[in-house]
Peer 1: 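I have a structure here, written as structure tokens, and I will follow up with some questions on it.
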Amino acid sequence: MTFTLATWNINSVRLREPIVCKLLQEEAPDVLCLQECKSPVDKIPLEGFRALGYEHIVARGQKGYNGVAILSKLPIEDVGGHDLVGLGHARHVAAKLENGVTIHNFYVPAGGDVPDREVNLKFGQKLDYLTEMRDWFHGDRPEKSILVGDLNIAPREDDVWSHKQLLKIVSHTPVEVEHLAQAQDAGNWVDITRQDIPEGQLYSWWSYRAKDWDAADKGRRLDHVWATSDISNAGHSSRVLRHVRGWEKPSDHAPVFATFDL
DNA sequence: ATGACCGCTCCAAGCGGA
């Protein structure tokens with residue numbers, strides 16, 4: 001079977017409901033993973049999603065911050081949410097499809113402004129979050145699994161508009177890239193997006209602050225799709241829907257899609 | 001400086017985003 005999954009940081013699910021519905025109508029992924037819902041679960045506007053065939057939803061939410069949700073046309077089972085680092089944040093939820101594939105949806109902490117844990121508590125929490133991801137996957141090796149989300153790190157030189165200018169900017173510092181690589185290695189996760197699109201600059205986020213995000217094109221690839229090798233060894237293809245960044249009242253992130261032959 | 005915006009909240013100034 002062909003299975004299409006998308007991940008999208010939508011920066012408020014209530015404000016973005018119209019363009020979430022537009023994406024579901026135009027692209028019809030089997031599963032859409034959302035981050036930064038910024039809503040308690042019982043306040044997520046589900047009716048429009050249900051009307052489009054997304055009747056299966058698992059989510060974790062909190063008021064005003066964070067929040068992750070998995071919308072699915074296929075039946076899914078809620079297989080838990082991990083509160084890594086004990087922050088009390090809604091940053092992870094997992095769901096299992098009837099074919100046994102597990103989907104992890106993560107929203108890794110952004111990490112604040114200063115890339116130094118001695119002066120910036122949030123940066124330390126981000127590194128600790130990635131360390132706990134590593135330890136979790138090292139102790140409980142994932143199989144038949146897909147991991148997506150806003151991981152808030154652009155690991156490769158061609159994942160940012162200027163490697164040199166971003167080396168000391170949170171999201172592209174060497175210490176973050178190393179922590180992300182260790183979490184990836186611990187689970188033997190394959191970077192599906194870069195396996196499918198190995199060459200060239202590729203971004204999924206552009207700041208709201210730029211006057212013309214498209215012309216400036218100072219982006220970063222913060223949103224990722226990973227899979228275990230039992231899934232990545234079959235066929236797959238990927239795309240970033242850059243044009244969605246230009247929709248009415250947009251998120252600052254574009255959705256990242258992956259299609260698998262399961 | 002990428003660079004002066006966006007969305008949230010005890011409703012409005014401050015936090016967080018990255």
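Naming convention: chains lettered A, B, ... in sequence-line order (proteins, then strands); numbering from 1 in each chain.
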Peer 1: Please tell me which of A:A216 and A:P40 maps to the more 5' nucleotide of DNA chain B, matching each residue to the nucleotide holding its nearest heavy atom.
Peer 2: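 Comparing both residues, the 5'-ward one is A:A216.
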Peer 1: Please report, rounded to the nearest Å, how far the P atom of B:dC6 is from the CH2 atom of A:W206.
Peer 2: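 Roughly 17 Å, once rounded to whole Å.
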Peer 1: Rounded to whole angstrom units, what separation is found between the CD atom of A:Q35 and the P atom of B:dG17?
Peer 2: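 After rounding, the gap between these two atoms is 14 Å.
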Peer 1: If you measure from the C1' atom in B:dG7 to the same atom in B:dA18, how many Å do you get, rounded?
Peer 2: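 That atom pair is separated by 15 Å.
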Peer 1: Would you indicate, yes or no, if B:dG17 has its OP1 or OP2 atom less than 4.0 angstrom from a side-chain nitrogen or oxygen of A:H253?
Peer 2: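 False: A:H253 side-chain N/O out of range (4.0 Å or more) of B:dG17 OP1/OP2.
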Peer 1: Check the distance between B:dG17's C1' and A:Y208's OH and give it to me in whole angstrom.
Peer 2: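 After rounding, the reported distance stands at 10 Å.
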Peer 1: If you only use heavy atoms from C-beta on, which nucleotide in B:dA18, B:dG16, B:dC6 is closest to the side chain of A:Y107?
Peer 2: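 Nearest nucleotide to the side chain: B:dA18.
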Peer 1: Nearest-Å distance, CD (A:Q62) to P (B:dT9)?
Peer 2: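 For the pair A:Q62 CD and B:dT9 P, the rounded distance is 11 Å.
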Peer 1: Regarding A:L166, tell me which of base, sugar-phosphate or nothing describes its non-hydrogen contacts under 4.0 Å with the strands shown.
Peer 2: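 Result for A:L166 = nothing.
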Peer 1: Using 4.0 Å as the upper bound for N to carboxylate O, is an ion pair formed by A:D214 and A:R242?
Peer 2: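 Looking at A:R242 and A:D214, the cut-off is met.
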Peer 1: What pairs meet the side-chain hydrogen bond (donor to acceptor under 3.5 Å, both in side chains) rule with one or both residues in residues 75-96 of chain A, with sequence neighbours excluded?
Peer 2: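 For residues 75-96 of chain A, and leaving out neighbouring residues, the side-chain hydrogen bond (donor to acceptor under 3.5 Å, both in side chains) pairs sorted by first residue read A:R60-A:D78, A:N66-A:R91, A:H89-A:R91, A:H92-A:H104.
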Peer 1: In whole Å, I'd like the distance from the NZ atom of A:K218 to the C1' atom of B:dA18.
Peer 2: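 It works out to 16 Å between those atoms.
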Peer 1: Say we look at B:dG14 and B:dC10: how far apart would their P atoms be, to the nearest angstrom?
Peer 2: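 Here B:dG14 and B:dC10 have their P atoms 16 Å from each other.
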Peer 1: For B:dA4 and B:dG16, measure between their C1' atoms and round to the nearest Å.
Peer 2: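 Result for the C1' pair: 16 Å, nearest Å.
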Peer 1: Would you say A:Q165 places a side-chain N or O within less than 4.0 Å of OP1 or OP2 belonging to B:dT2?
Peer 2: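 Answer is yes, contact under 4.0 Å.
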Peer 1: Can you tell me the distance, in whole Å, between the CD atom of A:Q125 and the P atom of B:dG16?
Peer 2: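 So the two atoms are 10 Å apart, to the nearest Å.
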Peer 1: Do any side-chain nitrogens or oxygens of A:K122 fall under 4.0 Å of OP1 or OP2 in B:dA18?
Peer 2: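 No, because none of the side-chain N or O atoms of A:K122 sits under 4.0 Å from OP1 or OP2 of B:dA18.
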Peer 1: Quick one: A:N11 CG to B:dG7 C1', roughly how many Å, whole number?
Peer 2: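 It is 6 Å, rounded to the nearest whole Å.
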Peer 1: Mind checking who shares a hydrophobic cluster with A:L15, ILVMFWY linked at side-chain heavy-atom distances under 4.5 Å?
Peer 2: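 Same cluster as A:L15: nobody, lone residue.
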Peer 1: Return yes if a side-chain donor-acceptor contact under 3.5 Å exists between A:Y54 and A:D30, otherwise no.
Peer 2: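 There is no such pair (donor and acceptor under 3.5 Å, judged by atom type) between the side chains of A:Y54 and A:D30.
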Peer 1: Determine the contact category for A:D217: base if any of its heavy atoms lies under 4.0 Å from a base atom, sugar-phosphate if only primed atoms, P, OP1 or OP2 are that close, otherwise nothing.
Peer 2: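 Nothing, no nucleic acid heavy atom in range.
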Peer 1: Any side-chain to backbone donor/acceptor pair from A:K144 onto A:N99? Under 3.5 Å, distance only.
Peer 2: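 Answer holds: yes.
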Peer 1: Identify, between A:S12 and A:I169, the residue whose nearest nucleotide on DNA chain B lies closer to the 5' end.
Peer 2: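 The residue mapped nearer the 5' terminus is A:I169.
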Peer 1: Within the 4.0 Å heavy-atom criterion, would you say A:D212 contacts the bases, only the backbone, or no part of the nucleic acid?
Peer 2: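 Touches nothing.
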Peer 1: Does B:dG16 have its OP1 or OP2 closer than 4.0 Å to a side-chain nitrogen or oxygen of A:K38?
Peer 2: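 For A:K38, the contact criterion (side-chain N or O under 4.0 Å from OP1 or OP2 of B:dG16) is not met.
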Peer 1: Between atom NE2 in A:H89 and atom P in B:dG17, what is the gap in whole Å?
Peer 2: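 Distance, rounded to whole Å: 8 Å.
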Peer 1: From the set B:dC8, B:dA18, B:dA4, return the single nucleotide nearest to any side-chain atom of A:L222.
Peer 2: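 From the listed options, B:dA18 comes nearest.
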Peer 1: Just checking A:S171: base, sugar-phosphate only, or nothing, at a heavy-atom cut-off of under 4.0 Å?
Peer 2: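 Counting heavy atoms under 4.0 Å across all strands, the contact made by A:S171 is with sugar-phosphate only.
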Peer 1: Under 4.0 Å between a side-chain N or O of A:R16 and OP1 or OP2 of B:dG7?
Peer 2: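 For B:dG7, OP1/OP2 do have a side-chain N/O of A:R16 under 4.0 Å.
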Peer 1: Among the candidates B:dC8, B:dC10, B:dT2, find the nucleotide nearest to the side-chain atoms of A:K63.
Peer 2: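 In terms of side-chain proximity for A:K63, the closest of B:dC8, B:dC10, B:dT2 is B:dC10.
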Peer 1: In sequence, state the C-alpha distance, the side-chain angles, and the governing distance for A:Q201 and A:W161, and then conclude on side chain to side chain contact (heavy atoms under 4.5 Å, CB included).
Peer 2: CA-CA 7 Å; A:Q201 305 300 120; A:W161 67 276; 5.6 Å; no
Peer 1: Can you say whether a donor on the side chain of A:D252 sits under 3.5 Å from an acceptor on the base of B:dA18, or the other way round?
Peer 2: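 When only heavy-atom distances are counted, A:D252 does not reach the base of B:dA18 through any donor-acceptor pair under 3.5 Å.
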Peer 1: Give one of base, sugar-phosphate or nothing for A:K249, where a contact means two heavy atoms less than 4.0 Å apart.
Peer 2: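 Sugar-phosphate only.
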Peer 1: What interatomic distance, in whole Å, is found between P of B:dC11 and the corresponding atom of B:dG17?
Peer 2: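 Rounded to whole Å, the distance is 22 Å.
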Peer 1: Under the criterion side chain to side chain contact (heavy atoms under 4.5 Å, CB included), which of A:V240, A:D159, A:D217, A:D158 is the partner of A:Y203?
Peer 2: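 Going through A:V240, A:D159, A:D217, A:D158 one by one, the side chain to side chain contact (heavy atoms under 4.5 Å, CB included) with A:Y203 is satisfied by A:D217 alone.
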